[in-house]
Amino acid sequence: MWIDLDSRFQLNQSRALGSGGFAEVYAGWDNQKNEEVAVKIIKKPYRELTSEEKSDINQEIIFMSNIKHDRCVNLIAKGTFYMPIQKQS
């Protein structure tokens, strides 16, 4: 089942790729670039996150925004509750 996150990104809710401490990762689609992406979804609503969890998420966004390397996935954009990233083949 595809879900529109915004006008650019869609999420395939039936294709979970992984899960971690505060987020789940799903297969997604970038309508602007016409390519498959991975979409990291924060598990809890942002307002329910502790200040430490918010800080961890913000640090990850900053880190992913600044690093560019062939062996690292790139952050494509920043949403309010999701992070679209490159999908590794």
Side-chain angles (χ1 to χ4, degrees):
M1 167 187 253
W2 287 93
I3 297 170
D4 291 329
L5 298 175
D6 57 27
S7 61
R8 180 173 176 183
F9 297 103
Q10 293 178 306
L11 170 117
N12 186 343
Q13 193 174 19
S14 61
R15 278 196 57 210
L17 301 176
S19 181
F22 66 86
E24 295 174 340
V25 180
Y26 293 89
W29 188 258
D30 182 338
N31 291 316
Q32 185 178 350
K33 292 186 174 184
N34 264 349
E35 66 184 14
E36 194 172 13
V37 296
V39 181
K40 189 172 192 175
I41 301 289
I42 310 294
K43 289 179 182 178
K44 294 194 284 188
Y46 193 78
R47 68 182 177 280
E48 293 178 16
L49 296 171
T50 66
S51 58
E52 185 177 348
E53 290 171 323
K54 289 177 184 177
S55 177
D56 289 347
I57 292 167
N58 288 330
Q59 286 178 6
E60 181 175 349
I61 290 170
I62 290 167
F63 177 76
M64 290 183 72
S65 297
N66 291 321
I67 192 146
K68 303 292 182 226
H69 191 276
D70 292 344
R71 296 183 188 255
C72 294
V73 295
N74 292 316
L75 180 66
I76 298 170
K78 295 172 263 195
T80 53
F81 61 93
Y82 63 92
M83 291 183 275
I85 55 179
Q86 274 183 322
K87 183 170 180 301
Q88 294 294 309
S89 41

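Remember, it's a predicted structure, so these values are computed and weren't measured experimentally. This chain uses plain numbering: 1 for the first residue, then up along the sequence.
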May I have the list of side-chain donor-acceptor pairs in residues 68-76 shorter than 3.5 Å, sequence neighbours left out?
| unit_1 | atom_1 | unit_2 | atom_2 | d |
| --- | --- | --- | --- | --- |
| Lys68 | NZ | Ser65 | O | 3.4 |
| His69 | ND1 | Arg71 | N | 2.9 |
| Asn74 | ND2 | Gln86 | OE1 | 3.2 |

Using a 3.5 Å cut-off and no angle test, enumerate the donor-acceptor pairs between side-chain atoms of residues 23-31 and protein atoms at least two apart in sequence or in another chain.
| unit_1 | atom_1 | unit_2 | atom_2 | d |
| --- | --- | --- | --- | --- |
| Glu24 | OE1 | Tyr26 | OH | 2.8 |
| Asp30 | OD1 | Arg8 | NE | 3.0 |
| Asp30 | OD1 | Gln32 | N | 2.9 |
| Asp30 | OD1 | Lys33 | N | 3.1 |
| Asp30 | OD2 | Arg8 | NE | 3.3 |
| Asp30 | OD2 | Arg8 | NH2 | 2.8 |
| Asn31 | ND2 | Arg8 | O | 3.2 |

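Applying the side chain to side chain contact (heavy atoms under 4.5 Å, CB included) test to Phe63 and every residue at least two apart in sequence or in another chain returns Ile67. Applying the side chain to side chain contact (heavy atoms under 4.5 Å, CB included) test to Glu60 and every residue at least two apart in sequence or in another chain returns Phe22, Lys40, Met64, Met83. Remark: Ser14 pairs with Asn12 by the side chain to side chain donor-acceptor pair (under 3.5 Å) rule, at least two apart or across chains. For Thr50, the side chain to side chain contact (heavy atoms under 4.5 Å, CB included) test picks out Glu52, Glu53, with sequence neighbours left out.
With a 4.5 Å cut-off on side-chain heavy atoms, Arg15 and Met1 do not count as touching.
Within a 6.0 Å radius of CD in Gln13, other residues, nucleotides and ligands contribute 12 heavy atoms or fewer.
With values rounded to the nearest 0.5 angstrom, Asn58 atom CG is found 11.0 Å from Ser51 atom OG. Remark: Ile57 CD1 to Ile62 CD1 distance equals 12.0 Å, nearest 0.5 Å.
Using a cutoff of 4.0 Å between basic side-chain nitrogens and carboxylate oxygens, Glu48 and Lys43 are not scored as salt-bridged.
No donor-acceptor pair under 3.5 Å is formed between the side chain of Lys54 and the backbone N or O of Arg47.
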